[in-house]
Amino acid sequence: MKSSQALIPTQKEAPNDAQIISHQLMIRAGLISKLASGLYSYLPMGLKILQKIEKIIREEMNNSNAQEVLMPITQPAKLWKESGRWDEYGAELLRFNDRHNREFCLGPTHEEVITNLASQYINSYKQLPMNFYQIQTKFRDEVRPRFGVMRSREFIMKDAYSFHLDKDSMRVEFEKMHATYCRIFERLGLNYRPVLADSGSIGGESSIEFHVLAESGEDDICFSDESDYAVNIEKVAFSKQVKTNDASASEEKVLTKNITSIEDVAQFLKVEQKQCVKILIIKTTNGYKALALRGDHALNEIKTQNLFGNFEFASDKEIKSLDLKKGFIGVKDLSINLIVDYSAEVMVDFICGANHWDHHLTGVNWDGIKFEAVDLRNAIEGDASPDGKGKLVIKRGIEVGHIFQLGDKYSKAMNANVIGESGKAMMMIMGCYGIGVTRVVAAIIEQNYDNRGIIFPVNVAPFSVVIVPINYNKSTRVKGLADVLYQQCLDSDIEVLLDDRKERAGIMFADSDLLGIPHRIVLSDTHADNGNVEYKARNNPEKLEIKFDNALAFIQSKLI
RNA sequence: CGGAGUGUAGCGCAGUUUGGUAGCGUACCUGGUUUGGGACCAGGUGGUCGAAGGUUCGAAUCCCUCCACUCCGACCA
């Protein structure tokens, strides 16, 4: 392709609503254009990249015997009511009515449709197992879209669904997809990790997320520094602990006027935050509960939800109505259920609110207090790894893939069964496997950039090579050489961009660097005097002079 | 959902306090000089100042309503 005929709207400055590097660079390199919050158009270069990623995913999925299908984005409510998710899914599911006032939604995922499809066409155990996938647009009405295509409302996903006669078969496919995903992310040049995760609203028993390690990630991933333990912070489970110290202090009420936060209390009393206990009040469907955590720990909302169902933090008003003093709530004499985290349970001589304005208690112990102990908190850096080996290290990750063992959640609800060997109907067992294709684009950029722009791996770059002829429009010699090399590349099926614009060298260099094209050939009169061209790789500052006659072979050698 | 902030040319911004002809940089167009890392000179195109309403002789500016977008928080008791 020639630059003069391509729409590559590069910009010097990023719009100021672009916060993270991948968003800024995708806008500046002219890959995407924002239409509205969480909605982006893919411009020609952006689409090229997307298609490269899709190609790799297709090849690997096909190699793993998955069959590609394409399902509608518009889905009838009927199916969602059958699965029970019409009521479960919440506001992220965009619902609407058609002209006949029938209810529909835009598909945030496709379990319902594929299960319906499978129950229609898979009738015998002899057809199993089967795995279907599609690469298609999803819509999720996110509370807060952000970071460009990283968390957008409309996005492209590769989703796959497998059907099995039994759990063993499902587990085999799960492992196969695990390996397939590893091959995909490796080919995409990503530094990634598979981690154990919570299965969320999709449901099912076991799930593994694939995270690309990057500072801008929205998830915290916990690793052991001594074993291969790797788990999403949501899912790090702690077990009951044994007390290591005995109580020794006696209880004392101290004046802490207007000192309410754990941070301030600890500072005021000159103790560490982990010597304090903090109380959170939540509202559940079974009434209010007080949750006690060690001062330096944070509540894990997923664990809380798993224990108590949907919940909200109590508002100031509600706290007041319970006769509690916000900022000074303690563990003693509570009128509501007290739930204590395992690591708070083993604390001795601790500090907490006095349930009395402007006072805290020191030297408090659990003796005589009625409570229930559970695992409630998030892991923090330095915690002992739950597998007993080493300590936890926490890193940020971008979730680019997630694989689930669904079991019979959908097949049961939607009555998807086959006739088994014995002649009796058997419920199908399912697995499902997703990759956020558009998010992968952003993740690749988050891991591959410098101060000049993107550094695409060859596998996903919009072009493999850019030819930068200096004075293309003045020097007939340079133009002649550039045109010859360009044609040679085209004839050899090399994806090449010829910058034939009437621009100065600096602009052409800046644009090709910004766009991240891996290989660059510069043609100029000075080089031509020696029969040479200049070669430079995007990821290497070194410039090489090579003979023009060898240029094509040289490029080809770089692309293997 | 709460809290904060921002809407002025494709992008980045000033002007709003104190009402009085719509500005700057960049990008874009024309001509010229330049030509290996985002050149220079001259001229030019482009904006119903987010939308509607109100106050006023006069509104980007003051008042009201709405809309959009961004950030922060969903960590605190």
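Not measured: the values here are computed from a predicted model. Letters A, B, ... mirror the listed sequences (proteins, then strands); counts begin at 1.
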Nucleotide paired to B:U30 in any strand shown, Watson-Crick or G-U, under 3.5 Å:
B:A42
Give me, pair by pair, the N or O atoms of the protein and of nucleotides 37-44 of chain B that are less than 3.5 Å apart, along with how far apart they are.
{"unit_1": "B:G37", "atom_1": "O6", "unit_2": "A:R520", "atom_2": "NH1", "d": "2.7"}
{"unit_1": "B:G37", "atom_1": "O6", "unit_2": "A:R520", "atom_2": "NH2", "d": "2.8"}
{"unit_1": "B:G37", "atom_1": "N1", "unit_2": "A:D513", "atom_2": "OD2", "d": "2.9"}
{"unit_1": "B:G37", "atom_1": "N2", "unit_2": "A:D513", "atom_2": "OD2", "d": "2.4"}
{"unit_1": "B:G38", "atom_1": "O2'", "unit_2": "A:K12", "atom_2": "NZ", "d": "2.9"}
{"unit_1": "B:G38", "atom_1": "O6", "unit_2": "A:R28", "atom_2": "NH2", "d": "3.3"}
{"unit_1": "B:G38", "atom_1": "N1", "unit_2": "A:D511", "atom_2": "OD1", "d": "3.4"}
{"unit_1": "B:G38", "atom_1": "N2", "unit_2": "A:D511", "atom_2": "OD1", "d": "3.2"}

Partners of A:E534 by side chain to side chain contact (heavy atoms under 4.5 Å, CB included), sequence neighbours excluded?
A:R520, A:V522, A:H527, A:K543
For A:N97, what residues pass the side chain to side chain contact (heavy atoms under 4.5 Å, CB included) criterion, not counting sequence neighbours?
A:N101, A:E103
Considering residues at least two apart in sequence or located in another chain, which fulfil the side-chain hydrogen bond (donor to acceptor under 3.5 Å, both in side chains) criterion with A:Q241?
none
Roughly how many Å apart are B:C28 and B:A68, using the C1' atom of each and rounding to a whole number?
27 Å
Provide the full list of ring pair (Phe, Tyr, Trp, His ring centres under 6.0 Å) pairs with a residue in residues 249-308 of chain A, sequence neighbours left out, each pair given once.
none
Distance-only donor-acceptor hits, side chain of residues 39-48 of chain A, under 3.5 Å, sequence neighbours excluded:
{"unit_1": "A:Y40", "atom_1": "OH", "unit_2": "A:H23", "atom_2": "NE2", "d": "3.4"}

C1' spacing across the pair B:G37 / B:C71, given as an integer number of angstrom:
35 Å
List in chain and number order the residues that pass side-chain hydrogen bond (donor to acceptor under 3.5 Å, both in side chains) with A:N378, two or more places apart in sequence or in another chain; answer none if no residue qualifies.
A:N300
Check side chain to side chain contact (heavy atoms under 4.5 Å, CB included) between A:I507 and all other residues, then give those that pass, not counting sequence neighbours.
A:R501, A:E503, A:D511
Can you tell me, in whole Å, how much space there is between the P of B:G5 and that of B:G44?
41 Å
Applying a 3.5 Å limit to both distances, which nucleotide forms a Watson-Crick or G-U wobble pair with B:G5?
B:C69
B:U70 and B:G12, which share atom name C1', separated by this distance in whole Å
16 Å
Determine the Euclidean distance between corresponding P atoms of B:C64 and B:U6; express it in Å to zero decimal places.
16 Å
Spacing of A:E218 atom CD relative to B:A74 atom C1', expressed in whole Å
13 Å
Mark yes or no for whether A:S207, through its side chain, and A:A197, through its backbone, hold a donor-acceptor pair below 3.5 Å.
yes
Can you sort out the partners of A:L269 under side chain to side chain contact (heavy atoms under 4.5 Å, CB included), two or more places apart, ordered by chain and number?
A:V254, A:V265, A:V271, A:I351, A:T362
Please write out each protein N/O paired with an N/O of nucleotides 67-70 of chain B under 3.5 Å, distance rounded to 0.1 Å.
{"unit_1": "B:C69", "atom_1": "OP1", "unit_2": "A:S37", "atom_2": "N", "d": "3.1"}
{"unit_1": "B:C69", "atom_1": "O3'", "unit_2": "A:K34", "atom_2": "NZ", "d": "2.9"}
{"unit_1": "B:U70", "atom_1": "OP1", "unit_2": "A:K34", "atom_2": "NZ", "d": "3.4"}
{"unit_1": "B:U70", "atom_1": "OP2", "unit_2": "A:S37", "atom_2": "OG", "d": "2.9"}

Name all residues meeting the side-chain hydrogen bond (donor to acceptor under 3.5 Å, both in side chains) criterion together with A:K34; count only those two or more places apart in sequence or in a different chain, and write none if there are none.
A:D17
With a 3.5 Å cut-off and no angle check, do the side chains of A:S3 and A:D500 form a donor-acceptor pair?
no
Proximity to RNA chain B (any heavy atom under 4.0 Å), residues of residues 327-360 of chain A only
A:G327, A:I329
